[in-house]
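Notes for the one structure printed next.
Note: hydrogens, waters and symmetry copies are ignored here, and every other heavy atom, side chains too, is used. The first residue in the sequence is number 1, and the count goes up from there.
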Amino acid sequence: MTDVAVVTGGGRGIGAGLARALSERGLHVVVTDVDGAAATRTADALPGPATALPLDVRDPGAHRSVAAAAADLGEVTVWVNNAGVLSTASVWEATDAEVTSTIEINTLGVVHGCRAAVDVMRRGDILNVVSLSGLGPTPGLAIYGASKAAALSYSQALHIELGGARRPIRCLALCPDAVSTELLRAVSDRPSSALLFTGPRVLGVDEVVAAGIAMLDGRRELRVLPGWRGWLTRTQSMLPVAARTLTPMVARIGERRRPGG
């Protein structure tokens with residue numbers, strides 16, 4: 001039976017990269033995106049069999065429809081929840097619509113995707129592309145960070161529950177630092193995005209794709225890219241008083257590195 005992979009947010013960026021990598025491994029890839037035309041472009045460019053489907057990840061019923069369509073193609077052994085939005089605004093400046101869409105897409109989109117995947121998978125891996133921002137406080141990205149922290153917590157809980165139920169399905173969480181994608185470029189002119197540029201450099205899409213594929217091949221259920229940034233972010237959570245003083249200082253470094261900063 002053909003192995004099938006589902007990739008959400010596959011129209012561009014990390015999702016498109018993961019779709020290609022999975023296609024090169026011989027899987028029939030179901031590429032989904034809220035932009036159906038973008039999903040089709042990715043699917044048409046893959047080296048192996050592929051199917052493009054529109055998907056608004058906020059809709060649990062739409063996830064179930066994609067899962068059923070994927071299961072009709074073969075055995076679903078990989079499901080990648082990659083779709084997301086990047087919101088940068090101070091807490092008091094974020095609009096109601098921005099808050100709602102960020103939580104619905106970044107958190108509920110992962111929850112609904114995982115549930116649909118578990119319904120049709122007998123074995124395999126669910127890979128959730130989360131974010132370094134989910135590991136600790138991210139001033140300027142508070143709503144985004146909160147949405148990713150919830151997605152990470154859900155991923156880890158689901159991984160443990162599946163193990164406890166003796167189901168041969170893993171739920172993996174990949175937490176990269178800022179990545180050179182359209183999402184990042186769209187917010188790089190905003191001073192509130194400064195924290196995204198505090199690392200030595202912005203990651204390339206290929207690096208994140210390689211890390212995700214390595215997780216599918218390996219035994220790690222959580223990977224932070226780069227690892228040392230994860231320890232730094234977690235430290236901020238444990239030392240909130242110090243973080244309130246130090247984080248704005250670090251953000252000023254990002255402001256100098258930010259394009260247009």
Side-chain angles (χ1 to χ4, degrees), residues 1-11 14-34 39 42-43 46 48-84 105-130 150-175 208-209 211-223:
M1 181 177 287
T2 302
D3 282 352
V4 178
V6 176
V7 180
T8 74
I14 297 169
L18 285 166
R20 170 165 288 279
L22 291 166
S23 180
E24 290 172 346
R25 293 163 73 91
L27 283 80
H28 185 129
V29 182
V30 178
V31 182
T32 76
D33 200 286
V34 69
T42 296
L46 296 183
T51 301
L53 294 173
L55 173 64
D56 184 337
V57 297
R58 296 171 293 185
D59 183 349
H63 274 289
R64 288 190 286 269
S65 295
V66 166
D72 285 342
L73 296 168
E75 183 176 5
V76 180
T77 57
V78 177
W79 186 297
V80 180
N81 289 305
N82 166 75
I105 294 170
N106 292 354
T107 304
L108 291 180
V110 168
V111 172
H112 295 324
C114 288
R115 293 172 66 230
V118 169
D119 283 345
V120 297
M121 293 176 71
R122 292 185 302 170
R123 62 182 176 87
D125 295 310
I126 300 168
L127 174 63
N128 293 334
V129 181
V130 191
L152 176 58
S153 177
Y154 179 84
S155 300
Q156 293 179 305
L158 177 57
H159 180 75
I160 295 169
E161 286 189 19
L162 289 167
R166 298 186 181 277
R167 297 190 62 175
I169 303 170
R170 300 186 301 167
C171 186
L172 315 175
L174 175 59
C175 299
V208 180
V209 170
I213 295 300
M215 291 186 74
L216 296 178
D217 290 336
R219 302 184 65 178
R220 296 173 64 176
E221 69 276 3
L222 171 65
R223 181 169 181 183

message = Tell me whether E75 is salt-bridged to R122, with the criterion being a basic N under 4.0 Å from an acidic carboxylate O.
response = yes

request  = Indicate yes or no: at least one non-hydrogen side-chain atom of V76 is less than 4.5 angstrom from one of V78.
outcome  = no

For A52 against A43, the heavy-atom pair lying closest together = CB-CB, 3.9 Å

Exercise: identify the closest heavy-atom pair between V57 and H112 = O-CD2, 3.8 Å

key: Flag side-chain contact, heavy atom, 4.5 Å: D33 against P54   = no

ask   = Are any non-hydrogen side-chain atoms of V129 and V110 less than 4.5 angstrom apart?
value = no

inquiry  = Can you tell me how far apart CG (N128) and CG (N82) are? Round to the nearest 0.5 Å.
reply    = 10.0 Å

query = Got M215 and L127 here, is their nearest side-chain heavy-atom distance under 4.5 Å?
reply = yes

ask   = Is the shortest heavy-atom distance from the side chain of T77 to the side chain of D125 under 4.5 Å?
value = no

query = Any sub-3.5 Å donor-acceptor pair from T32's side-chain atoms to L53's backbone N or O?
reply = no

query = At their closest point, which heavy atom of A173 faces which heavy atom of V130, and how far apart are they?
reply = CB-CG2, 4.1 Å

query = Would you say the side chain of I169 lies within less than 4.5 Å of the side chain of I126, judging by non-hydrogen atoms?
reply = yes

query = Does the pair R25/D217 count as a salt bridge with the N-to-O cut at 4.0 Å?
reply = yes

note = Correct closest heavy-atom pair for S155 and A151 would be OG-O, 2.8 Å

inquiry  = Using 0.5 Å steps for rounding, measure from the CZ atom of R170 to the CD atom of E221.
reply    = 8.5 Å

key: Closest contact, heavy atoms only, T8 versus W79   = CG2-NE1, 4.1 Å

inquiry  = Nearest 0.5 angstrom please: H159 NE2 to Y154 OH, how far?
reply    = 14.0 Å

ask   = Nearest heavy-atom pair of L158 and C114: which atoms, and what distance?
value = CD2-CB, 3.6 Å

note = Between the CG atom in L46 and the CZ atom in R20, the distance rounded to the nearest 0.5 Å is 6.0 Å

key: Heavy-atom side-chain proximity of L152 to L222 below 4.5 angstrom   = yes

request  = Start with the C-alpha distance between R64 and D59, add both sets of side-chain angles, then the distance that settles salt bridge (Lys or Arg N to Asp or Glu O under 4.0 Å), and finish with yes or no.
outcome  = CA-CA 9 Å; R64 288 190 286 269; D59 183 349; over 6 Å; no

query = Would you say the side chain of V7 lies within less than 4.5 Å of the side chain of L22, judging by non-hydrogen atoms?
reply = yes

